[in-house]
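Quick one: this structure, given as structure tokens, is what I'll be asking you about.
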There are 2 protein chains.
Amino acid sequence: MTYQISNRKASVKTHIIFNNTKSVIAYAMKRSKKNCDLQSCSFCKLCLREWSPAIDVNRQTLLVSKGEEFITEGEKVTGVYFVYEGAVKVHKKWGEKELIVRFAKRGDIVGHRGLGNDIYYPVSATALEPSTVCFIPIDFFLASLKVNQEYLFQLMLFFADELKVSERKMRNLAHMPVKGRVAQALLTLSDKFGTAEDGLIDLTLSRQDLASYTGATYETVFRVLNELVEEGLVKLSGKHIGILDIDKLTSVTDQPG
Amino acid sequence: MTYQISNRKASVKTHIIFNNTKSVIAYAMKRSKKNCDLQSCSFCKLCLREWSPAIDVNRQTLLVSKGEEFITEGEKVTGVYFVYEGAVKVHKKWGEKELIVRFAKRGDIVGHRGLGNDIYYPVSATALEPSTVCFIPIDFFLASLKVNQEYLFQLMLFFADELKVSERKMRNLAHMPVKGRVAQALLTLSDKFGTAEDGLIDLTLSRQDLASYTGATYETVFRVLNELVEEGLVKLSGKHIGILDIDKLTSVTDQPG
DNA sequence: TATAAAATATGACTTATATCATAAATATAG
DNA sequence: CTATATTTATGATATAAGTCATATTTTATA
């Protein structure tokens, strides 16, 4: 069994080269002492057992501090990342404005938009809290896909799902009012990140980020959120939001203008 | 080499069952006398040569009349389609309003959003002109993916690209003004469908469809289009539009409010 | 070819949402 | 533990884009 390791593309950035490995680490990020357990993400889980050592040699477990952007839109693709711990936002900008395209948590892949013909990341990725991510160089990842058909198949299905989600959101941005989009966002986030005992969504999110996620301005989201509180659908507690009436909140989702 | 044919899912709809095959045709569509040449779409091109006879047995070449919706959002997935001739819009609705998510022409796959965990089409597909499409039952398509790794890999890359395009459009809907979105739409369409000698984009598209594609109302698109004509960037000729100044039109694309 | 049905064209009016301004309250860093 | 930056809060105002109304032209179809 053969595979190739390459840091050609990766070395385009300013990197720290470790002399004990052929690996590469992006500038500001620190390497984590303890690596991931090789069974937290779909990649590790779905690749052949025999492939594990190869993954082990090629992966790099990195520490990303809160607010640190570890993928930058427009830069050359160096690899994909898997979130091992923490939470990440994937975002895209247009002029001054920003749109959060997706959130990622433990187990999720980030940077897979770097696959395909275009060799530049179409989005940025920033940690929302101190996070640990596992970096897989793109060439090794591609080699892995060739070897691990099952993972390739699942990755294809994952892309299909992502596309569906993306197009639904696209439609919402086009036609759903901000209030519905905020409601939808809260439902999605609650679903993805779960809630603590107090009913608050288990994600620390600034209002500005919620605004960027819903494709609206901070002020509008602020007002809409107040409405939802007055109507008794949600509760606010600092940077945390809780859903009080899931049914009514869901119904906000299909209210026209 | 084995593969399975199934019309289980397909038979949920009202269908015409041909007694000489195990195949299924969606209600209103007519079967074409002449089949496709088995080399016009990526599927036929990238599958193993040895797989061709299997494709031949399972595919169905169908005639779709103008305005006919051959995939309906929310219905059970029966298979994927490849456009052999004509042009198709892929759209999604929210209440009364509609958003065109993508256009497809000769060689393009349609209905691949039916892949993944959800067994219902998340979008509809409607022919914009009399078209010929090639239907591949979903079970056979999935079997093909298992057998044809190269096609699976390319399909995955295709999905990655689609996702990129989708997210860019998402961002545009969130932050770009209508004028920019119309400009962008015209550039995209010109790129995809090409232009005739007279410089007009080679696609017959109603203003309403252009509006649905840009996520705006008919009236707004109408006005914006007039502006673009007055500024000498585009010309109109019935249902056809031509780009007069590609550079200026491109620059409209990054003009904020 | 007549006749209904779409699609196009435009003006007048409304409204959802963005922008601007500015104060108060938290964070974060030195 | 102060200081500076960032996030939250909220009113006033502007405007892009949607809605409504209605005439005209084009395109299907009986």
Side-chain angles (χ1 to χ4, degrees), chain A residues 65-68 89 94-100 126-130 172-183 185 203-230 234-241 252 255-257, chain B residues 65-68 89 94-100 126-130 172-183 185 203-230 234-241 252 255-257:
Chain A
S65 46
K66 180 176 175 169
E68 188 178 345
K89 65 172 173 181
W94 188 78
E96 299 291 274
K97 294 167 178 177
E98 193 158 71
L99 180 75
I100 294 176
T126 303
L128 291 171
E129 44 189 79
N172 293 352
L173 281 167
H175 296 311
M176 193 186 281
V178 173
K179 194 168 179 180
R181 301 210 300 267
V182 170
L203 174 71
T204 312
L205 194 68
S206 75
R207 296 292 138 80
Q208 180 54 63
D209 275 345
L210 182 57
S212 297
Y213 187 48
T214 51
T217 59
Y218 166 81
E219 293 92 326
T220 302
V221 169
F222 169 79
R223 289 180 246 270
V224 160
L225 230 32
N226 282 349
E227 280 183 51
L228 292 174
V229 169
E230 272 164 39
V234 307
K235 63 174 172 179
L236 304 177
S237 173
K239 280 191 163 45
H240 286 267
I241 306 177
V252 169
Q255 266 153 33
Chain B
S65 46
K66 179 176 175 170
E68 188 178 346
K89 64 173 173 181
W94 189 78
E96 300 291 273
K97 292 167 179 178
E98 191 156 75
L99 181 74
I100 294 176
T126 302
L128 292 171
E129 44 190 77
N172 293 351
L173 282 167
H175 296 312
M176 192 186 282
V178 174
K179 194 169 178 180
R181 302 211 300 268
V182 169
L203 174 72
T204 311
L205 194 69
S206 75
R207 295 292 138 79
Q208 180 55 63
D209 275 346
L210 183 57
S212 297
Y213 186 48
T214 52
T217 57
Y218 167 82
E219 292 92 327
T220 302
V221 169
F222 169 79
R223 289 181 246 271
V224 160
L225 229 33
N226 281 349
E227 278 182 51
L228 291 175
V229 169
E230 270 164 41
V234 307
K235 62 174 173 180
L236 303 177
S237 173
K239 280 191 163 44
H240 286 268
I241 305 177
V252 169
Q255 267 154 32

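Note on naming: letters A, B, ... go to the chains in the order of the sequence lines (proteins, then strands), and numbering restarts at 1 for each one. Any value given below was found using the heavy atoms of this structure, including those in side chains, with hydrogens, waters and symmetry copies removed.
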**Prompt:** Between the side chain of B:Ser65 and the main-chain N/O of B:Glu68, is any donor-acceptor distance below 3.5 Å?
**Reply:**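 Pair absent, no side-chain N/O of B:Ser65 close to backbone of B:Glu68.
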**Item:** Any donor-acceptor pair under 3.5 Å from A:Ser206 side chain to A:Asp209 backbone
**Value:**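 Such a contact is found between A:Ser206 side chain and A:Asp209 backbone.
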**Prompt:** Between A:Ala216 and B:Gln208, who's closer to the 5' end of DNA chain C by nearest nucleotide?
**Reply:**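 The residue whose closest nucleotide sits nearer the 5' end is B:Gln208.
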**Request:** Rounded off to whole Å, could you give me the CZ-to-C1' distance for the A:Arg207 and C:dA27 pair?
**Result:**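 Between C1' of C:dA27 and CZ of A:Arg207: 15 Å.
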**Asked** Can you check whether A:Gly215's main-chain N or O pairs, donor with acceptor, with B:His175's side chain at less than 3.5 Å?
**Response**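 No, because the side chain of B:His175 does not come within donor-acceptor range (under 3.5 Å) of the backbone of A:Gly215.
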**Item:** Euclidean distance, B:Leu128 CG relative to B:Leu205 CG, rounded to 0.5 Å
**Value:**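 If I round to the nearest 0.5 Å, the distance is 6.5 Å.
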**Asked** Taking B:Thr214 for the side chain and B:Leu210 for the main chain, is one N or O donor matched with an acceptor at less than 3.5 Å?
**Response**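 Yes, because the side chain of B:Thr214 sits within donor-acceptor range (under 3.5 Å) of the backbone of B:Leu210.
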**Prompt:** For A:Leu205 and D:dT6, what is the distance between atoms CG and P respectively, to the nearest whole Å?
**Reply:**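 About 18 Å, once rounded to whole Å.
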**Item:** Short side-chain to backbone donor-acceptor contact, B:Arg207 and B:Tyr218, under 3.5 Å
**Value:**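 Between the backbone of B:Tyr218 and the side chain of B:Arg207 there is no qualifying donor-acceptor contact (under 3.5 Å).
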**Asked** Closer to the 5' end of DNA chain D via nearest nucleotide, is it B:Lys66 or B:Met176?
**Response**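 Mapping each residue to its closest nucleotide by heavy atoms, the 5'-most match is B:Met176.
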**Prompt:** Does the B:Ser212 side chain pair with the main chain of B:Gln208, one donor and one acceptor, at a distance under 3.5 Å?
**Reply:**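 Looks like yes, one N/O pair under 3.5 Å.
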**Asked** Which residues, if any, of residues 218-230 of chain B bring a heavy atom under 4.0 Å of DNA chain D?
**Response**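 Within this stretch, B:Glu219, B:Thr220, B:Arg223 sit under 4.0 Å of the strand.
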**Asked** Counting any heavy atom closer than 4.0 Å, what does A:Lys179 reach on the DNA or RNA strands: base, sugar-phosphate only, or nothing?
**Response**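 Contact class for A:Lys179: none.
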**End axis versus end axis in the helix from C:dT3-D:dA28 to C:dG30-D:dC1, the angle rounded to 10°, five pairs used at each terminus** =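 Overall, the helix from C:dT3-D:dA28 to C:dG30-D:dC1 bends by 60° from one end axis to the other.
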**Message:** Within this structure, what is the CZ-CG distance for the pair A:Arg181 and A:Leu173, rounded to the nearest 0.5 Å?
**Reply:**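 That separation rounds to 5.0 Å.
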